Amino acid sequence: MSRKIVHVDMDAFYAAIEQRDDPRLRGRPVAVGGSGPRAVVATASYEARAFGIRSAMPMARARLLCPDLVVVPPRFETYRAESRRIRAILRRWSSLVEPLSLDEAYLDVTEPLPGPMPAL
Ligand SMILES: [Mg+2]
């Protein structure tokens, strides 16, 4: 029998958390990352992506593409805590949750746990 695997990938995870926690960042182009000469973009908000800014891009290039870019230093403790909360939710649907990173996981839903919604 083939197995049913769900891939969960939270989009713009770090930037979304920053915009959630600081209303001034909402609707603005945000890049999470360092600000030194060799810094790169860890995550870009949707507003920043509209300027062509992507993860792993040098921050200096991102600032050229979008002069109004708001650069926010990462808060990995907060991202880890949110990741743990989300994994706890995912484990309501599957006993086999394999995290790939803070914002990505595989769920084996071949035999889903009984929950509020069936996994199809
Ligand atoms: Mg992601």
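The shown structure was predicted, so the numbers you read here are calculated from the model rather than taken from an experiment. Whatever order the structure lists them in is the order used to number ligands and atoms, beginning at 1.
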Chemist: Mind checking whether the Mg ion (ligand 1) has an N, O or S of Met10 under 2.8 Å?
Modeler: yes

Chemist: Among the N/O/S atoms of Asp9, which is closest to the Mg ion (ligand 1)? Give the atom name.
Modeler: OD1

Chemist: Listed by chain and number, what are the side-chain hydrogen bond (donor to acceptor under 3.5 Å, both in side chains) partners of Ser83, not counting sequence neighbours?
Modeler: Arg87

Chemist: Verify the distance test for Asp103 against the Mg ion (ligand 1): any N/O/S atom under 2.8 Å, yes or no.
Modeler: yes

Chemist: Under 3.5 Å, is there a donor-acceptor pair between the side chain of Arg63 and the main chain of Leu69?
Modeler: no

Chemist: Just by distance, do the side chain of Arg26 and the backbone of Arg20 share a donor-acceptor pair under 3.5 Å?
Modeler: yes

Chemist: Using a distance threshold of 2.8 Å, state whether an N, O or S atom of Glu104 lies below it from the Mg ion (ligand 1).
Modeler: no

Chemist: Under the ring pair (Phe, Tyr, Trp, His ring centres under 6.0 Å) test, which residues partner Tyr79, sequence neighbours left out?
Modeler: Tyr14, Phe76

